[in-house]
Amino acid sequence: MTRYVYDFIEGDRSRADLLGGKGANLAEMTRLGLPVPPGFTIGTDACRAYLATGSPPDGLFAEVDTHLRRVEQQVGRRLGDPHDPLLLAVRSGGRYSMPGMMETILDIGLTDATVAGLAARTGDARFAWDSYRRLIQMFGRTVHGVPAEEFDHELAALRATAGPDGPDAGQLRDLVSTYQKIFLRVVGHEFPQSPQEQLRQAVQSVFASWNSARARIYRRQEHIPDDLGTAVNVMAMVFGNLGPDSGTGVAFTRDPATGLPGVYGDYLPDAQGEDVVAGIRNTVALPELARLDPASFQQLTGVLATLERHYRDLCDVEFTIERGTLWMLQTRVGKRTAAAAFVIAAQLVDEGLITLDEALCRVSGAQLGQLMFPAFDLAGAPPPLTVGVGASPGAAVGRVVFDSAAATAADGPVILVRRETNPDDLPGMIAAAGVLTARGGKTSHAAVVARGMGRTCVCGADALVVDPDRGEFTVGDRVVRAGEVISIDGTTGRVYPGAVPVQPSPVARYLAGELDPQADPLVAAVHRLLGHADAVRRLGVRANADTAADARRARALGAAGIGLCRTEHMFLGGRRELVERLILAEGPDAVAGALAALLPLQRADFTELLAAMDGLPVTIRLIDPPLHEFLPPLAELTARVARAEASGRDPGRDGQLLTAVRRMHEANPMLGLRGVRLGLVVPGLFAMQVRAVAEAAAQRVRDGGDPRPEIMVPLVGDVRELAVVRAEAERVLAEVPDAPAVPIGTMIEVPRAALTAGQIATQAHFFSFGTNDLTQLTWAFSRDDVEGSFFGAYLERGIFEVSPFESLDTAGVGQLVRLAVAQGRATRPELTVGVCGEHGGDPDSVAFFADAGLDYVSCSPYRVPVARLAAGRAAVAAGTGTSDSR
Ligand code: ADP
Ligand code: MG
Ligand code: MG
């Protein structure tokens, strides 16, 4: 026969699938000999059976009765005994914590017959009747859906008429009979007077609460599967509401905000746990318990220490003190802030509880990323105006503007405040320091676009009434006008009036070399765990950097070279004119002249860059975007030419440019003349760039440096494209005296390149996945167009869990990556393979790239530490970390 029920002493924490998190941990505490009221757990499989058939599985309640007998023996009381009744708590608890989403019913076992017994045993009739009315209310609401207001209304009326000490026993007895009448009226039958019947119904209603609307919504948000079911914990009641020497509270084994050791928690004297949640009375800080009940306090701190040593992690607990006796009602490994995660992990290593490998797995790249953002100095912050959804982290301060035009026109930082954003708001979002919206959650347009461009964003602040026509928004009766300064926190979602002082992140300052590693416990913890990540990781981390300044910053942040230098940035600004000359050049001499003018400028750029990254690889990508991106926009040129012609002037150069722009116009520039295609049709362009690289490297060699340039060809789809470019590049390299050997490789960013990687590897020393283009071309959508239009809908409808531009689509694009790595290495075993899309700085994607066997990732300089940490974690997870990791 299937078994469904387990005494607490039979289970342990490894069985959370069956016993639920709460049940498994109650069992673990029981095994540890901690003071847990006796009880048992009905496994999740019974719930699944109930949900499938609508009734409890055969034999379940016979089994429950057997286990109940044991509880009765241990406690020395019987359920339903009119003289000294056992009371029970019936508590939900699934595999994953879903706080407050499912049901718990306390005080099961009270009836008209047993209430007097409880009063006699405790000597407190008022308590007994109060417990009875709590049961009718909780049972009525949970099992039969009696609206809470029905009862609350009567309770409030009684409280209003009762004396300063609250209602007395007689008044509460009358309240119970009122509650019973309400129960009868709403439910249609009497409140059950059989404790066994109460228990059976309570268990079934806990099963059913798995499928309550709020539990379903919560699971969808948290990605918890719908088919797990909940366990049910049945245990003896203990009473925190038996007078001043009783009480209830919650505690953490150390501070979950900072991670620092100490006793943290809240305590509520003379109360039951549900009173804490209801917030009727104010709790006191836990250290106060040391004064109120020193013995229990000392015992509690002992329990906390035992739990932390045993779980080897921060734990939180719920406890109750009944007349000076401590009882533990719940524990679990506790949630914590990013800062606390690092500090606690490092401390636990110091205390010898965990290894450095384990410590590394307890922090994430995303948490490190969070710690690098500047934060508000909350000591100087006023109370927030309101709180929305923290959608894109950062701390932004600026004057309020209500539209895109005002944002782009303003000088000085602004916060763009909208009801919700749409694609027309894009220029404003780019110009603003932060974005605040009243509508929409983490997948709204504002949230998706802001995260995409790293802009601070708080969305869904629904207390906000935005009125752009009047140039103001209101929160309650508070009015904020355009031009007033506000501060928004993209991590916590808080919105403050005025300018809250911003503190640079100590972690960012440490990473930039401005703070000593031992500056504070957090910095010390980051230093230690990042150092360990570096020691164990196999994946290299390079940076995407186009200038010497970026290269130096990247190097300080731990980059082992440049994985992507975009040369097109070197054709902007004052050099645009030279590019225009190149485009307008007619005949080989004119082209050669234009290129000759660009050569020394490029050479100087590369010399500087190679010096900044001396001794480390610098991957230089030949020019990638379509040339017309360097020309004035069509509309602007047309207008200029029209004006000149209207006033009878010769439009001159503008006229030539307009002809060129018209000639080069493309319906789909992204799919047009760009990348290697450009190099193949504009003679001499790539050769000029290769010569500039070679001459810069030769100069560095003569100056005693160690330049390691690599040349990367963009947008290759066929091996013959690469072969032609490579032959020309090698001819140029051979012409430059003193130039070092320069590897020549290609981006893999066109699906065809991934599919033919075996052939392409015959011509390439290295591959670098351009995962932005590879994502766009695999999905057939352009990032610029889609992020602001339908991505929100896709995220909301669950088609995407996360944007494929934020985190690599491993099921699709990832397969192309794996295929290309395998084929490329089959052709050329020593092939170096990296990735240079923004995914290189995304922790989940980094884990994938490590698994796919890449040699390095390259990301923007400020993501380098995040990638280092993620790569270390990936190595530990794959079991390839060092064995001696203490
Ligand atoms: P949740 O999962 O929502 O926290 P719990 O099952 O932990 O629900 O129960 C809610 C409250 O009921 C707890 O905070 C605790 O104070 C109280 N409670 C649970 N079990 C008992 C018990 N055996 N005796 C007294 N109070 C209990
Ligand atoms: Mg709880
Ligand atoms: Mg590209």
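All ligand and atom numbering here is 1-based and tracks the order in the structure. The shown structure was predicted, so the numbers you read here are calculated from the model rather than taken from an experiment.
Which parts of ligand 1 touch T104 is read off a 4.0 Å heavy-atom cut-off, strictly below it: atoms 5 (P), 6 (O), 8 (O), 9 (O). Interface atoms of ligand 1 facing A89, defined by a heavy-atom separation under 4.0 Å, are 20 (N), 21 (C), 22 (C), 23 (N).
Residue V238 has at least one nitrogen or oxygen atom sitting less than 3.5 Å from a nitrogen or oxygen atom of ligand 1, judged on distance alone. Checking only distances, T320 never comes within under 3.5 Å of ligand 1, N or O to N or O. Looking at S92 next to ligand 1, no N or O pair under 3.5 Å apart turns up. For a threshold of 3.5 Å applied to N or O pairs, the pair formed by A236 and ligand 1 contains at least one separation below that value. Between E318 and ligand 1, at least one N/O pair is under 3.5 Å apart.
Proximity of Q272 to ligand 1 is not established, as no heavy-atom distance is less than 4.0 Å. For K22, the closest heavy-atom approach to ligand 1 falls below 4.0 Å.
Using a 30° and 60° split on the angle between ring planes, H189 and F183 fall in the perpendicular class, above 60°. Classified by interplanar angle (parallel below 30°, tilted 30° to 60°, perpendicular above 60°), the ring pair H67/F40 is tilted.
Checked by atom type, the side-chain pair T44/R48 shows a donor-acceptor distance below 3.5 Å. Using modelled atom types and a 3.5 Å distance limit, the side chains of T253 and E308 yield a donor-acceptor pair.
A heavy-atom distance below 4.5 Å is found between the side chains of D112 and Q193.
Here D168 does not pair with R126 in a salt bridge; the nearest charged N to carboxylate O distance is not below 4.0 Å. Salt-bridge formation is not detected for the pair E154/R133: no Lys NZ or Arg NE/NH1/NH2 atom is positioned less than 4.0 Å from an Asp or Glu carboxylate oxygen.
More than 12 heavy atoms of other shown residues, nucleotides or ligands fall within 6.0 angstrom of atom CZ in R134.
Contacts between L106 and ligand 1 below 4.0 angstrom, taking non-hydrogen atoms only, involve the side chain exclusively. Under 4.0 angstrom from ligand 1, there are no non-hydrogen atoms of M102.
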